[in-house]
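One structure is given below, encoded as structure tokens.
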Amino acid sequence: MDEEVRLYTTNADREKYNNLATLFGITVALDYLERAFVRDSITAAEYGNESLSSLNYGSTMLKLVGDSVPSIEEFMTRYRMDHPAALHRLKVGVPATVEHSSEAGPETGKWVAETTQVHNGSSFKQSFLSQTLQSFITFMDALKLRLRAKDQLHPILQELVTGYARFKGSKDWEGRSRMVGWFVE
């Protein structure tokens, strides 16, 4: 009865369980953060920063455990999680202050307007910008988490390159060749 039960036998299994545990923790923390914001326990600025950070880490973790869990809904069902606020926020992908920018105040509305404008003044769909920005942050987070295996980084970088290619003038950017070079290698 006092035997130690191991969850894993290989390093890959250990990493998988660590990533699942991290995703579990991020989901619970995000749910508490949503509740704190709704109850005015934290300011919109504090909420925005923490929520964006949690969403980025959550997105990174979802991509890393994608072979085990295809969606956040299935993950929450499998591990019997009841965190509807976190589920909604992870599905939407942006903090509530951005989702409801007209209600959040002029600063947030101004930020959304500025981020959807390009140099020539034409406006892109906010979803393209949001997806590309999220891909970039996810890739940076993966590097910060010291992920170095090609099979882990390639799908994330592919999303970033694909999203970036949607924008006019992306071919003229000096860093494009380096990013494409990483993708090809």
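Put simply, CG on Leu143 and CZ on Arg148 are 5.5 Å apart, with the number rounded to the nearest 0.5 Å. A distance of 11.5 Å separates CG of Leu62 from OG of Ser68, quoted to the nearest 0.5 Å. Met81 contributes atom CE, which lies 7.0 Å from atom CG of Leu23 (distance to the nearest 0.5 angstrom). In this structure, OH in Tyr57 is found 10.5 Å from CD1 in Ile137, a value given to the nearest 0.5 Å. Glu34 CD to Ile42 CD1: the interatomic distance, rounded to the nearest 0.5 Å, is 8.5 Å.
Every side-chain contact (heavy atoms from CB on, under 4.5 Å) that Val92 has, sequence neighbours left out, goes to His88, Arg89, Val94, Glu99. Considering only residues two or more places apart in sequence or on other chains, Thr9 meets the side chain to side chain donor-acceptor pair (under 3.5 Å) condition with none of them. Every residue two or more places apart in sequence or in another chain that forms a ring-ring contact (aromatic ring centres under 6.0 Å, His included) with Tyr47 is listed here: Phe37.
More than 12 heavy-atom neighbours from other residues, nucleotides or ligands sit within 6.0 angstrom of CG on Asp67.
Transitive grouping of hydrophobic side chains (ILVMFWY, heavy atoms separated by less than 4.5 Å) brings Tyr17 and Ile72 into a common cluster.
Closest heavy-atom contact between Asp31 and Pro84: OD1-N, 3.9 Å. Closest approach of Met61 and Asn19 over heavy atoms only: SD-O, 3.8 Å. Residues Leu153 and Ala142 come closest through the heavy atom pair CD2-CB, 3.8 Å.
Looking at heavy atoms from C-beta onward, Leu30 lies in side-chain contact with Leu33 at the 4.5 angstrom threshold. Put simply, the side chain of Lys63 does not reach to within 4.5 Å of the side chain of Pro155, judged on heavy atoms. Residues Leu160 and Thr138 form no side-chain contact, since every pair of their non-hydrogen atoms from C-beta on lies 4.5 Å or further apart. With contacts defined as side-chain heavy-atom distances shorter than 4.5 Å, the pair Phe24/Leu20 does not qualify. Under the 4.5 Å side-chain criterion, counting only non-hydrogen atoms from C-beta, Pro95 is not in contact with Glu50. Using a 4.5 Å cut-off on side-chain heavy atoms (C-beta onward), Lys144 and Thr60 make no contact. Asn11 has its side chain out of reach of Glu15: every pair of non-hydrogen atoms, C-beta onward, lies at least 4.5 Å apart.
At distances below 3.5 Å, at least one donor-acceptor pair connects side-chain atoms of Thr77 with backbone N or O atoms of Glu73.
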Notebook entry, point to check: Given Asp141 and Leu147, is the side chain to side chain contact (heavy atoms under 4.5 Å, CB included) satisfied, shown in steps?
Noted result: CA-CA 9 Å; Asp141 288 343; Leu147 299 178; over 6 Å; no

Next item on the list: May I have the step-by-step check of side chain to side chain contact (heavy atoms under 4.5 Å, CB included) for Ile26 and Leu55, ending in yes or no?
Entry: CA-CA 8 Å; Ile26 289 168; Leu55 288 169; over 6 Å; no

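Remark: Arg35 qualifies as a cation-pi partner of Tyr32 under the 6.0 Å distance and 45° angle criteria applied to the six-membered ring.
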